[in-house]
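This report refers to the structure that appears directly beneath it.
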There are 2 protein chains.
Amino acid sequence: MEKRRGRSSQGVTIREVAARAGVSPMTVSRVINNENNVTPATSAAVMAAIQELKYTPNPAARRLAGSETFRIGLLYSNPSVAFLSEFLLGALDESSKTGHQLVVEKCGATAATEKAALQKLLQSGVDGIVLPPPLCEAKSILADIAKSGVAAVAVAAGQPGPDVATVRIDNYKAAHRMTQHLLSLGHRAIGFIKGHPNQTVSDQRLHGFLDALSEAGLDPRAAPIEQGYFNYRSGLAAADKLLALEPRPTAIFAANDDMAAAVLATAHRLGLNVPVDLSIAGFDDTLIAGTIWPALTTVRQPIAAMGRAAVSMLLDEMKRRRGGGGGTPAQQLLRHTLVERESTAAPSKP
Amino acid sequence: MEKRRGRSSQGVTIREVAARAGVSPMTVSRVINNENNVTPATSAAVMAAIQELKYTPNPAARRLAGSETFRIGLLYSNPSVAFLSEFLLGALDESSKTGHQLVVEKCGATAATEKAALQKLLQSGVDGIVLPPPLCEAKSILADIAKSGVAAVAVAAGQPGPDVATVRIDNYKAAHRMTQHLLSLGHRAIGFIKGHPNQTVSDQRLHGFLDALSEAGLDPRAAPIEQGYFNYRSGLAAADKLLALEPRPTAIFAANDDMAAAVLATAHRLGLNVPVDLSIAGFDDTLIAGTIWPALTTVRQPIAAMGRAAVSMLLDEMKRRRGGGGGTPAQQLLRHTLVERESTAAPSKP
DNA sequence: GCGGCCCTTGTTAACGCTAACATTAGAGGC
DNA sequence: GCCTCTAATGTTAGCGTTAACAAGGGCCGC
């Protein structure tokens, strides 16, 4: 048995193919890569050799030798941990699959630390940056990125700037759909808790809600609406106000799950039976939605898919820029799902 | 600005790390691969350089250079999502840092789907498996793994088998400490909600609680204890029973956060003021603990660190086995913390 | 018929990492 | 005090591929 000179027992290499075809390895490489400066005759000979030896190029070596290895930065502050991990899963999967490097950087909540973390990332030589929420809406971050000239993709942002690619769901449509769901159950008095005013999605969700009401022939100006800030505590306050109204709404749609959970807690405190006396709908399908009881009807974003899409789009975007950069960054809209659980039902007294 | 000599704009390379740490690239390589012939001081310096530069080994280069790249499977059914996400973060971090591949597989709740998912993972050629709870206690899974001969590490399991490595905290001590905390606030009538009987940690937490009572001179047999199953709903039922007692406990310690959140909801429903009328303590410090209001006093496991440790131990274990396999799998105990938030205080009428 | 040009093919040097071997420094025996 | 032995670190070379440049050869125009 012939012992290999090298360390590893790889399969057929490009050199063996080259030897067999009577050309240089480089020519084989050109054939493999469909470059056009090869004589048909040479090409045929190489092809034959490849067939005979059952040669397959070693992907690791290709990646290493090729220049197209990008370095992708992912900067996050403090989104929901659940969101982040699922997102990361998708992003890592995609980047490892395509053989690119993903560098994850965490930053604090203040504008200064955000800026610092971004600079650190930029200095470490990333070619593109993925921005999950809420950073995707931070103006100063987006401005710094635009200035630096690296590619960026904003995830789950509402209204992206013109310089960045985006992956998101259609928040308007999702809220619209959820409202339709409540309407179809027979609810007419539906309260709404708005999201944080500094995030664009808040507006989109609100408008989806309002438009669905209009379309159903209801007056959106009559709908009880309270301001919330995407956290549990603001949900408690908003729920207190909404549930004190006369007549009391038969359903409440909160712009995210944390606030919906707060509505549920408040309803229980008031002795209301959910969903019999009150239906509650959330948005995001975070952990809490399935934990509490009754479990929340909510809207689910395909988070892992968004992570994959973000990386994939960023790669495209970086290639586009490297290639001269005609056109504009891509926008991608992923499909959301309405998750119907136990917190919604037909109103008891229609 | 210095222009790179090479063709591509790769990220940080092993050479840069080596330069920064003042050693040769080979030494860095040894550190990354956890080889044992490196001085702790050198290793620490290299680690620091890795951290600072955010270095991740290039997997393509590794494969090409002939090192073995392990494939690690992570099989999860449905632990708390929050636990999983943070755990995943740590596991991903560690595996990407050491340049190994992490394959995550989800399975359903039935024994059959668990078995199927495990088989799928094994067939995809993983060299080792990480088992977060509750799978780490599933006998049939552990048996199948033992039969297949791949390495495994059980996370947060109570009593591990002899064939698997484990990472966990001292549940007994943590529950003991939390009980002491409640006692020191002046509580004497403390209710307890047990965890799922099929998980060893439930017992450990219960005993920590009981022993702390005894040591304080209280009769543990007099303590009001209800069975729970680690989910919100079982917490609701248990809380109903505990809060109907006469005299009512002034504090309730639930064996996990989900059940503690249910106690909080029930207390609110009954018009009790938390923490004035009732103190509530949880366990795990999952996302829900900080989300609800008042936020829960609870025990925090260093979950991300456990993820990192699990992967790192698994790598050691796989090398150990490949190297002939003398000795036994490692056991690692990580440190927990008592997180004091707003749900506990001194009882109002002592 | 000869210089310039393009078109094809070859050569060289990486890409980032690690196996195998080489070297150094320190410990310990006699 | 010298020599061996071992543990820690460094050096060299090459994994399989391709970018960048070099070289050869045919064709054209004048």
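As the structure is a computational prediction, the values presented were derived from the model and not from experiment.
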Task: Rounded interatomic separation in angstrom, taking CG from B/Leu64 and P from D/dG14 - done: 14 Å
Open item on the list: Under 4.0 Å from OP1 or OP2 of C/dT18: is there any side-chain N or O of B/Ser29 that close?
Closed with: yes
Open item on the list: Rounded to whole Å, please give me the gap between CG in B/Asn36 and C1' in D/dT9.
Closed with: 14 Å
Task: Member of B/Asn33, B/Val153, B/Asp127, B/Thr98 meeting the side chain to side chain contact (heavy atoms under 4.5 Å, CB included) criterion with B/Leu315 - done: B/Thr98
TODO: Enter the distance from A/Arg168:CZ to A/Leu333:CG here, rounded to the nearest 0.5 Å.
DONE: 5.5 Å
Open item on the list: Using whole Å, what does the distance between atom P of nucleotide D/dG16 and atom CG of B/Asn58 come to?
Closed with: 16 Å
TODO: Would you please confirm or rule out a distance under 4.0 Å between OP1 or OP2 of C/dT9 and any side-chain N or O of A/Asn37?
DONE: no
Open item on the list: Both B/Ala60 and B/Met26 contact DNA chain C. Which one's nearest nucleotide lies toward the 5' end?
Closed with: B/Ala60
Open item on the list: In whole Å, I'd like the distance from the CD1 atom of B/Ile32 to the P atom of C/dA19.
Closed with: 12 Å
Task: Closest listed nucleotide, where the reference is the side chain of A/Arg62 and the choices are C/dC15, D/dT17, D/dC15 - done: D/dT17
TODO: Check for a donor-acceptor pair, side chain of A/Thr39 on one end and backbone N or O of A/Ala41 on the other, with a separation under 3.5 Å.
DONE: no
Task: Residue closer to the 5' end of DNA chain D, B/Val38 versus A/Thr56 (nearest nucleotide) - done: B/Val38
TODO: Establish, with yes or no, whether the OP1 or OP2 oxygen of D/dT9 is under 4.0 angstrom from a side-chain nitrogen or oxygen of B/Thr42.
DONE: yes
- [ ] Check the distance between D/dA20's P and A/Arg30's CZ and give it to me in whole angstrom.
- [x] 13 Å
Task: Short side-chain N/O contact from A/Ser24 to OP1 or OP2 of C/dT11, under 4.0 Å - done: no
TODO: Give one of base, sugar-phosphate or nothing for A/Thr39, where a contact means two heavy atoms less than 4.0 Å apart.
DONE: sugar-phosphate
Open item on the list: For B/Ala49, is there any backbone N or O sitting under 3.5 Å from a side-chain donor or acceptor partner on B/Glu52?
Closed with: no
TODO: Using atom OH of A/Tyr55 as one end and atom C1' of D/dT18 as the other, report the distance to the nearest whole Å.
DONE: 11 Å
Open item on the list: Given C/dT8, C/dC15, D/dT18, identify the nucleotide with an atom nearest to the side chain of A/Ile14.
Closed with: D/dT18
Task: Length of the line joining B/Asn34:CG and C/dT18:P, which is rounded to integer Å - done: 12 Å
Open item on the list: Both B/Pro25 and B/Ala61 contact DNA chain D. Which one's nearest nucleotide lies toward the 5' end?
Closed with: B/Pro25
TODO: Output yes when a side-chain donor or acceptor of B/Ser95 lies under 3.5 Å from a complementary backbone atom of B/Ala91, and no otherwise.
DONE: yes
Task: Whole-Å gap separating P (D/dT18) and CG (A/Asn33) - done: 5 Å
